[in-house]
Amino acid sequence: MDITQEIIKKIDGLPGTLKTYPIRDLVNHAEKFGPYLKQQRLETNQVRKFLDAINRLKSVLAQENEFSKIETEVVLLKPKLAYAAAREKAAKPLSQVMSKAIDKVRSKEDFERLVQFIESIIAYHKAEGGR
């Protein structure tokens with residue numbers, strides 16, 4: 001099973017929402033997925049809009065401290081990912097994994113886990129030489 005399917009299976013099998021994704025599993029997956037994305041020739045600028053949107057929502061959440069204020073925007077990240085994947089084949093695995101993760105985001109704690117996940121993936125992607 002490739003790493004994309006392995007992560008999707010793990011997220012699908014979580015007993016609850018995304019906050020139940022064990023942090024050690026999350027980091028282990030990111031450690032494999034970041035280099036995989038690099039191999040697929042994914043450049044950070046190809047997911048820049050997604051990352052910018054995540055960071056903007058993170059900032060709004062820090063100010064408002066209420067998940068309902070950003071929930072709509074969180075769900076609308078899925079079409080942004082689909083667009084990125086349609087434009088660039090290399091973004092497809094990231095789109096598949098993050099869309100699955102977004103489906104499990106229902107609270108502030110879930111969103112924080114989503115942020116940890118994308119930041120970990122990008123960190124390992126960059127560590128592999130991704131730009």
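Fair warning: this is a prediction, and the values are worked out from it, not measured in the lab.
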Should L51 and L114 be regarded as members of a common hydrophobic cluster, given that ILVMFWY residues are connected when their side-chain heavy atoms come within less than 4.5 Å of each other, either directly or indirectly? yes
The reported gap from CD in Q39 to CZ in F33 (rounded to nearest 0.5 angstrom) is 11.5 Å
Does S107 offer a backbone N or O that forms a donor-acceptor pair with the side chain of D110 under 3.5 Å? yes
Has K92 got more than 12 heavy atoms of other residues, nucleotides or ligands less than 6.0 Å from its NZ? no
Hey, could you give me the CG/CD distance between N45 and E88, rounded to the nearest 0.5 Å? 9.0 Å
Heavy-atom side-chain contact between R113 and K104 under 4.5 Å: no
Using modelled atom types and a 3.5 Å cut-off, is there a donor and acceptor pairing between side-chain atoms of T20 and backbone atoms of T17? yes
Would L37 and Y124 count as a side chain to side chain contact (heavy atoms under 4.5 Å, CB included) if you check the C-alpha gap in whole Å, the side-chain angles of each, and the deciding distance to 0.1 Å? CA-CA 9 Å; L37 293 174; Y124 282 113; over 6 Å; no
Is there side-chain contact between K58 and L61, with heavy atoms separated by less than 4.5 Å? no
Taking only residues two or more places apart in sequence or in another chain, which ones pass ring-ring contact (aromatic ring centres under 6.0 Å, His included) with F117? Y21
For the backbone of L42 and the side chain of H125, can you confirm whether one donor and one acceptor N or O come within less than 3.5 Å of each other? yes
Say whether, by atom type as modelled, one donor and one acceptor occur between the side chain of S95 and the main chain of A91 under 3.5 angstrom. no
Does any part of the side chain of E112, heavy atoms only, come nearer than 4.5 Å to the side chain of K108, both counted from C-beta? yes
Do S59 side-chain atoms and N55 backbone N/O form a donor-acceptor pair below 3.5 Å? no
Take V60 and E73, measure what side chain to side chain contact (heavy atoms under 4.5 Å, CB included) needs, and give me the verdict at the end. CA-CA 11 Å; V60 170; E73 292 299 316; over 6 Å; no
Are any non-hydrogen side-chain atoms of M98 and I121 less than 4.5 angstrom apart? yes
I'd like to know whether K78 forms a side chain to side chain contact (heavy atoms under 4.5 Å, CB included) with D103, so could you lay out the CA-CA distance, the side-chain angles of the two residues, the decisive distance to 0.1 Å, and finally the verdict. CA-CA 9 Å; K78 287 179 66 175; D103 286 342; 2.6 Å; yes
According to a hydrophobic-cluster definition based on side-chain heavy atoms being under 4.5 Å apart (Ile, Leu, Val, Met, Phe, Trp, Tyr only), do V105 and I23 belong together? yes
Inter-residue atom distance Y36.OH - E128.CD, 0.5 Å rounding: 14.0 Å
List in chain and number order the residues that pass salt bridge (charged side-chain N to carboxylate O under 4.0 Å, His left out) with K69, two or more places apart in sequence or in another chain; answer none if no residue qualifies. none
Can you list the residues that meet the salt bridge (charged side-chain N to carboxylate O under 4.0 Å, His left out) rule with K126, with sequence neighbours excluded? none
